[in-house]
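To start, the structure under review is shown below, and the notes come after it.
These figures come from a predicted structure and were not determined experimentally. The figures that follow rest on heavy atoms only: side chains count, while hydrogens, waters and symmetry mates do not.
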Amino acid sequence: MEIHHGRGYIYSIQYHIVWCVKYRRKIINSQIEKSLLEILQKISQDNGFSIIEANTERDHVHLLFDCSPQHYIPDILKALKGVSARILMKEYGDELRKQLWGGHVWNPSYFIATVSENTEQQVKEYIKSQKEK
């Protein structure tokens, strides 16, 4: 667990987030997964937070990320889901539109939980093991 220093404060904030493909369609193949993880990494860099661990299943995404107290979680989610959906539709639109309609890739809901130093390793292992089930 990394401790960060800001101007007048010290923090360590990690979140585990999970979101699903619209209609729980199993669209995330190895090619889309590779692109998606690269896209998410770029979004995190552009928005000043870091992805610690990431993995996907065929119909959902798991992320463990680290951010500052100034980050507003709904804005992070809007960036992650909105930008990734636009780019994926641009790159794989023909393939995705066969299973998804209306131009929506992600379900609007999500799961989010804070992660403490006691649970960080457990969450990392859980995310890494997603494809092993």
Side-chain angles (χ1 to χ4, degrees):
M1 186 168 238
E2 195 171 330
I3 305 293
H4 304 280
H5 298 267
R7 186 176 166 102
Y9 55 92
I10 299 170
Y11 65 93
S12 179
I13 304 172
Q14 289 85 34
Y15 293 97
H16 175 208
I17 185 164
V18 182
W19 71 86
C20 300
V21 174
K22 188 81 169 180
Y23 316 114
R24 291 300 291 246
R25 302 287 184 182
K26 298 185 183 317
I27 62 161
I28 304 175
N29 58 32
S30 59
Q31 184 180 13
I32 290 174
E33 178 187 38
K34 184 178 185 295
S35 292
L36 175 60
L37 294 177
E38 289 171 3
I39 292 164
L40 296 176
Q41 205 55 254
K42 175 80 168 97
I43 294 166
S44 73
Q45 291 168 358
D46 292 348
N47 289 279
F49 62 93
S50 60
I51 295 174
I52 300 167
E53 197 68 52
N55 206 344
T56 68
E57 275 290 326
R58 299 264 305 144
D59 64 353
H60 65 277
V61 177
H62 283 268
L63 290 182
L64 175 62
F65 67 92
D66 185 282
C67 64
S68 76
Q70 285 73 28
H71 282 100
Y72 181 55
I73 300 304
D75 287 347
I76 288 177
L77 276 136
K78 184 178 177 181
L80 289 168
K81 292 168 74 175
V83 173
S84 66
R86 277 192 301 281
I87 294 171
L88 289 175
M89 274 301 199
K90 193 174 184 180
E91 290 181 21
Y92 304 100
D94 294 337
E95 182 180 342
L96 295 177
R97 282 186 190 90
K98 291 175 186 173
Q99 296 188 62
L100 304 168
W101 50 92
H104 301 286
V105 175
W106 307 120
N107 187 307
S109 61
Y110 58 89
F111 164 82
I112 190 163
T114 56
V115 177
S116 72
E117 63 185 307
N118 298 329
T119 59
E120 181 181 16
Q121 191 59 39
Q122 291 172 323
V123 172
K124 282 182 181 179
E125 293 303 318
Y126 174 75
I127 291 171
K128 286 179 184 176
S129 72
Q130 283 304 293
K131 287 189 179 65
E132 296 170 7
K133 292 181 181 178

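- Residues passing the side-chain contact (heavy atoms from CB on, under 4.5 Å) test with Glu2, sequence neighbours excluded: His4.
- Side-chain contact between Ile17 and Val61 is absent, with no heavy atoms from C-beta onward closer than 4.5 Å.
- Scored by the ring pair (Phe, Tyr, Trp, His ring centres under 6.0 Å) test, Tyr9 finds Tyr11 as partners (sequence neighbours excluded).
- Scored by the side-chain contact (heavy atoms from CB on, under 4.5 Å) test, Lys34 finds Glu38 as partners (sequence neighbours excluded).
- Remark: His104 NE2 to Lys81 NZ distance equals 11.5 Å, nearest 0.5 Å.
- Side-chain atoms of Lys128 do not come within 3.5 Å of backbone N or O of Val123 as any donor-acceptor pair.
- In this structure, Arg58 has no side chain to side chain donor-acceptor pair (under 3.5 Å) partners at least two apart in sequence or on a different chain.
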When the side chains of residues 94-102 are checked against the rest of the protein, which donor-acceptor pairs come out under 3.5 Å, sequence neighbours left out?
residue	atom	partner	partner atom	Å
Glu95	OE2	Asn29	ND2	3.0
Arg97	NH1	Gly93	O	3.3
Trp101	NE1	Tyr23	OH	3.2

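- With sequence neighbours left out, the side-chain contact (heavy atoms from CB on, under 4.5 Å) criterion links Ser44 to Gln41, Phe49, Ile51.
- Phe65 places none of its side-chain heavy atoms less than 4.5 Å from the side chain of Gln14.
- Taken together through direct or relayed side-chain contacts under 4.5 Å among Ile, Leu, Val, Met, Phe, Trp and Tyr, Leu80 and Ile28 form part of one hydrophobic cluster.
- Here Gln45 pairs with nothing under the side chain to side chain donor-acceptor pair (under 3.5 Å) rule; sequence neighbours left out.
- Annotation: side chain of Asn47 is not in contact with side chain of Ile76 (no heavy-atom distance under 4.5 Å).
- Here the closest heavy-atom approach between residue Ser35 and residue Glu91 is recorded as OG-OE1, 3.5 Å.
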Next on the checklist: Let's go through Ile27 and Asp59 carefully: what are the C-alpha distance in whole Å and the side-chain angles of both, what is the deciding distance for side chain to side chain contact (heavy atoms under 4.5 Å, CB included) to 0.1 Å, and is it a yes or a no?
Outcome noted: CA-CA 6 Å; Ile27 62 161; Asp59 64 353; over 6 Å; no
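- Residues Ile52 and Lys124 share a closest heavy-atom pair of CG2-CE, 3.5 Å.
- Each of Leu64 and Trp19 belongs to its own hydrophobic cluster when Ile, Leu, Val, Met, Phe, Trp and Tyr are linked at side-chain heavy-atom distances under 4.5 angstrom.
- Not a single side-chain contact (heavy atoms from CB on, under 4.5 Å) links Lys78 to another residue, sequence neighbours left out.
- The distance from atom SG of Cys67 to atom CG of Asp75, rounded to the nearest 0.5 Å, is 11.5 Å.
- The closest side-chain heavy-atom distance from Ile13 to Asp66 is not below 4.5 Å.
- For the pair Asn55 (side chain) and Ile127 (backbone), a donor-acceptor distance under 3.5 Å is present.
- Partners of Trp106 by side chain to side chain donor-acceptor pair (under 3.5 Å), not counting sequence neighbours, listed by chain and number: Ser84.
- When hydrophobic side chains of Ile, Leu, Val, Met, Phe, Trp and Tyr are connected at separations under 4.5 Å, Val18 ends up clustered with Phe111.
- Remark: His62 pairs with His16, His60, Tyr126 by the ring pair (Phe, Tyr, Trp, His ring centres under 6.0 Å) rule, at least two apart or across chains.
- Expressed to the nearest 0.5 Å, how far CG of Leu37 lies from CG of Leu63 amounts to 8.0 Å.
- Side chains of Val21 and Asn107 form no contact here, defined as non-hydrogen atoms less than 4.5 Å apart.
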Checklist entry - Given Tyr15 and Val115, is the side chain to side chain contact (heavy atoms under 4.5 Å, CB included) satisfied, shown in steps? => result CA-CA 5 Å; Tyr15 293 97; Val115 177; 5.8 Å; no
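- Tyr92 is linked by a ring pair (Phe, Tyr, Trp, His ring centres under 6.0 Å) to nothing, counting only residues two or more places apart in sequence or in another chain.
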